[in-house]
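Data first, discussion second: the structure below is written as structure tokens.
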Amino acid sequence: MSKYNPAKIEPKWQKIWRESGIYKDYSRKNKFYALDMFPYPSGAGLHVGHPKGYIATDVVSRFKMLKGYSVLHPMGWDAFGLPAENYAIQNKIHPEAAVKENIKTFKKQLGLFGFTYDWDREINTADPEYYKWTQWIFLKMFEKGLAYESDEPINWCPSCKTGLALEDLENGLCERCGTQVVQKKMRQWVLKMTEYADRLLEDLDKPSFAKASAGEEELDWEKSIMDQQKNWIGRSEGATIKFEIKLVPKTKSSERFLRLSLGKDWLEVFTTRLDTIFGCTYCVVGPEHPIIEKLKDKIKNYEEVEKYIIKAQNKTELERTDLQKDKTGVELQGVKAINPFNNEELPLYVADYVLGHYGTGAVMAVPAHDERDFEFAKKYKLPIKQVIAPDLDSYKKTIKTLEALKKLRQEARKEGIEFWLLGGLAGAFHAGIIYREHDDLDIIVKDEEQYQKIGGFLLGLGYKKIREKKVSEKLTNTIYRNDEGMEIDIGPYINQWDLKDKDFETDLKRLNESEALVLSKIFQIHLKEILRKNRIEEKDRIDLEYLKGKVFIEDGFLVNSGKYSGHPSAEAREKMTEWLEKKKIGGKKVNYKMRDWVFSRQRYWGEPIPIIHCEKCGTVGVPEKNLPVELPKVEKYEPTETGEGPLAGIKKWVDVKCPKCGGPGKRETNTMPQWAGSSWYHLRYIDPKNDKELVGKEKEKKWMPVDLYVGGAEHATRHLLYARFWHKFLYDIGSVSTKEPFEKLVHVGLIQGEDGRKMSKRWGNVINPDDVISEFGADSIRLYEMFMGPFTQNIAWSTKGVVGMRRFLEKVYRLKSKIQNPNIKTNPKSKIQNYKLDTVLHKTIKKVTEDIENFRFNTAISAMMILVNEMEKEEKISSTSYELLILLLSPFAPHIAEELWEKLGNKKSIFLEKWPEYDPKLIRDEQISLVIQINGKVRDQVEVAAGVKEEEVKKLALAQDKIVKYIDGKNIRKIIFVPDRLINFVI
RNA sequence: GGGCAUGUGGCGGAACUGGCAUACGCGUACGACUCAAAAUCGUAUGAGAGCAAUCUCGUGUGGGUUCAACUCCCACCAUGCCCACCA
């Protein structure tokens, strides 16, 4: 018999498949659309990591085909964009030529894997036939007011010489070249993605993916990717408040303040914590805020302010954010903001820790309950006023450690230290909880006399006496001093319910919980100290810091907040918002971190934006019939210094007639970003040659949504958000029938180099798939990449692992010689020749089927290996069994499967077969080995028939010598019997 | 700082809903075949103790629940990814 020779059989079958087009049966009833994230055809070619996702979709595609589906499995090229262009510039070839060349390489490489791609549907985003529709979508957005021009400062990469979207940055550096990005004010096109923010968010969770009419289904996306998107969209609900701006008169008068209303001058701020408004002690605007310019004449120290603003603007993104440096700012002297809730006059600052583009670009600062404000206030000696007291919920964490406290108490006793956990004076509530649960542990303090035991409490903690108790003025913290003179600050909130408060009972009723919780926190910390024999370790110092400096930023109960005092935060926010709305000085407001999509690039290699600027008519869309606006062929395509795209230099191309008035017009010379073409490509595959519509309605209805989308997790916040945005827009204008494009999304884990590092030229650890295929064959690499581990996990490459797969395939190949009678097929139902082997076989069918459906390819393959190992032990195997094995293997290793299938005498392709079903009767074992445990430990096992009764097993077990040895003379307290699994004797 | 993952032999990893931890593959050792090597096949392979039967320990650490925990609960540690002054 011939030897397994992949070098021969793989090209053979690839050719046959290509020519017969067996994958292109699109007439079946059920459809399955499997989509890969298409590659940029970069100059480097593929490394073994790239095809991992493609292999997975291919396995699933072939599986679905065998299951009787029509499968759409296309491939194409994301050819526009910076990487391709930079590559072209470096290699001094025209991007178009470079891309063409690279596509050829890529296509050849992909061809070696034997994928089921329908190359008739190949698309290329840089093809005018394709980008005609990218431009068309842009025009539609322009018509709907979703594409607009803006002059805001944007991120500019001085090296790539183009503007970038926020998403294209990595820590303030250009993602492509690592250059420091600067802020540059320039005209650009922006897509109003924020208009879709809520829908992009909601449709992740809500079952609104579905076709508008059909039954609803949920998005089957990985949680981590959904979380990343949610995080990126960053929705927060809050309120805006208008602070009136007043002047401080230049001359001091006997009146403390002469308020001069400026009439219309308001400062609007956004906050999610309106409940802390009474703690607002100053306001801050970002350096970009227009109010500064407006108040120019009124600000006494304008020069200083201006200097600060210029300095802030010159700071790079990195300096402004990356360094955990001191906060800086300058007071706008001469003006004050008035807190509408209590009419307090507050100083107004400009500081670059406030972002110009988020919310209203201005904030109310509450240093007692916001870390940033706290830091700033400390530095500029601004008052810090506490208005929130912690409530039970925010200290749930502390409560949960009570078990640990109990334990610690035991430990402490060993050290000869006795202590109690006491609820504080007002803490009876909380202590009550503890008391009820641990009545041996705690004492509830009920009255003032017992409060003295608070001393006892601290005493118990190793602090014999409270020597001093002082109240610091600023923070209104309570500070205790221990024997060693060490100050222990128990937080700014505790003294609100200090003993000296007259209305003890009221406090108790209203706010009791908080203090005790704080105390128990202290208690816990100090305990740790005792246990370390009064030596405070570094770790605990941090905990002490918590009580000293950490700002309480969580929700709680309001204090010092006028009539709102005593309300929980959430309730207070509602009431306060209502009040604002009534007074018409603010109200509910939702904000997003996500910004509109900066959509223009000052580069050559992208889709021209189909807009004409006319002096008379303004910006005019290119009429649909004139699409595509083709990218002119040019000699020079390098970016310019001016901030204008290279297209601006081509006068012949730029000068056109205005389609509206016929007068002179100029073309828009910016191009679209890399992500434009990929935002809708999933639709074009469905109908790639249609020159009337971007996708035909019938075909779209037939194929959408994409049933399976596989690609890298790095696209979680860009491509996947953009594509969803465009898809929703297309849904709104009636071009598509589904609200969401991708029903199931799986992210592929990286394949790292053999050294565990990212595969890259830089480390010299790149493995080329061509080499691996020529050495071991495509089926081996396919199998290996699916077998390495869980699909979504990053795993290092191992060529040794491929060797194992090759061995496995050779075993399968050799197994053929064991076939009893290769020419006569046996009916699996009538001729069960080997019950045990058939059991394994049917278990394998079950497992492989389920595992493919759940992307657990690694265990599917290991199940097949087990089956093969079993078959090897047999003298002879039936041809039926062997055929079933080949069928199971076929999605993973299609070439060898097809070859063996043919060798078995089959005339038609294996992929026209039916996927096997398992026989539920056969997957049950006849004999099982049942485990006998004594006190949960395995001591013996017995072979029994499946389904035996407890009584029988018990009898049998007690007859075993080993078991007798253990049980002899002891009382059997309990017997646990798990059918077909184990019996456990508790003695 | 926030969010999300992950932690099991020498390595990649398996274990369904709590029920024999380490399947499957790699590596290693020994053996068979061979003049020899490769390939292939067989046996062994978590750690420790013992001549042995066998026993003890063992899924990042410390606790807990349970007849029984990789799996559930609490606390902690470590690593990775993403986001990061978003008020």
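Letters A, B, ... are given to chains in the order of the sequence lines, protein chains preceding strands, and every chain is numbered from 1. None of these values were measured; they are calculated from a predicted model.
Not less than 6.0 angstrom separates the ring centroid of A:F808 from the ring centroid of A:F787. Residues A:F376 and A:F374 place their aromatic rings such that the two centres sit no closer than 6.0 Å.
Counting any heavy atom pair closer than 4.0 Å across all strands shown, A:G234 reaches no nucleic acid atom. Note on A:V938: only backbone sugar-phosphate atoms sit closer than 4.0 angstrom, heavy atoms only; bases stay farther off. Backbone-only contact: A:K811 has heavy atoms under 4.0 Å from sugar-phosphate atoms and none from a base. Within 4.0 Å of A:V986, counting heavy atoms only, lie sugar-phosphate atoms of the nucleic acid but no base atom. Note on A:S798: nothing from the nucleic acid sits closer than 4.0 angstrom, heavy atoms only. Heavy atoms of A:D227 sit under 4.0 angstrom from primed sugar atoms or phosphate atoms, though from no base atom. Using a 4.0 Å heavy-atom criterion, one finds that A:N858 contacts the sugar-phosphate atoms exclusively. Within the nucleic acid shown, A:I866 comes within 4.0 Å of sugar-phosphate atoms alone, with no base atom in reach, counting heavy atoms only.
Side-chain atoms of A:K327 and base atoms of B:rC85 include a donor and an acceptor less than 3.5 Å apart.
Rounded to whole Å, the C1' atom of B:rC4 lies 31 Å from the corresponding atom of B:rG10. Distance check on atom C1': B:rC74 versus B:rC24 gives 35 Å, rounded to whole Å.
With B:rC16, B:rU56, B:rC85 as the choices, the nucleotide that has an atom nearest any side-chain atom of A:R981 turns out to be B:rC16. With B:rA87, B:rC67, B:rC55 as the choices, the nucleotide that has an atom nearest any side-chain atom of A:R939 turns out to be B:rC55.
The distance between atom CZ of A:F787 and atom P of B:rG12, rounded to the nearest whole Å, is 13 Å. As rounded to whole Å, 14 Å separates atom P of B:rA84 from atom CE of A:M594.
The aromatic rings of A:W797 and A:Y784 sit perpendicular, their planes meeting at an angle over 60°, well past the 30° parallel limit.
A cation-pi arrangement is present between A:K52 and A:F791, with the terminal nitrogen or guanidinium carbon under 6.0 Å from the aromatic centre and inside a 45° cone about the axis.
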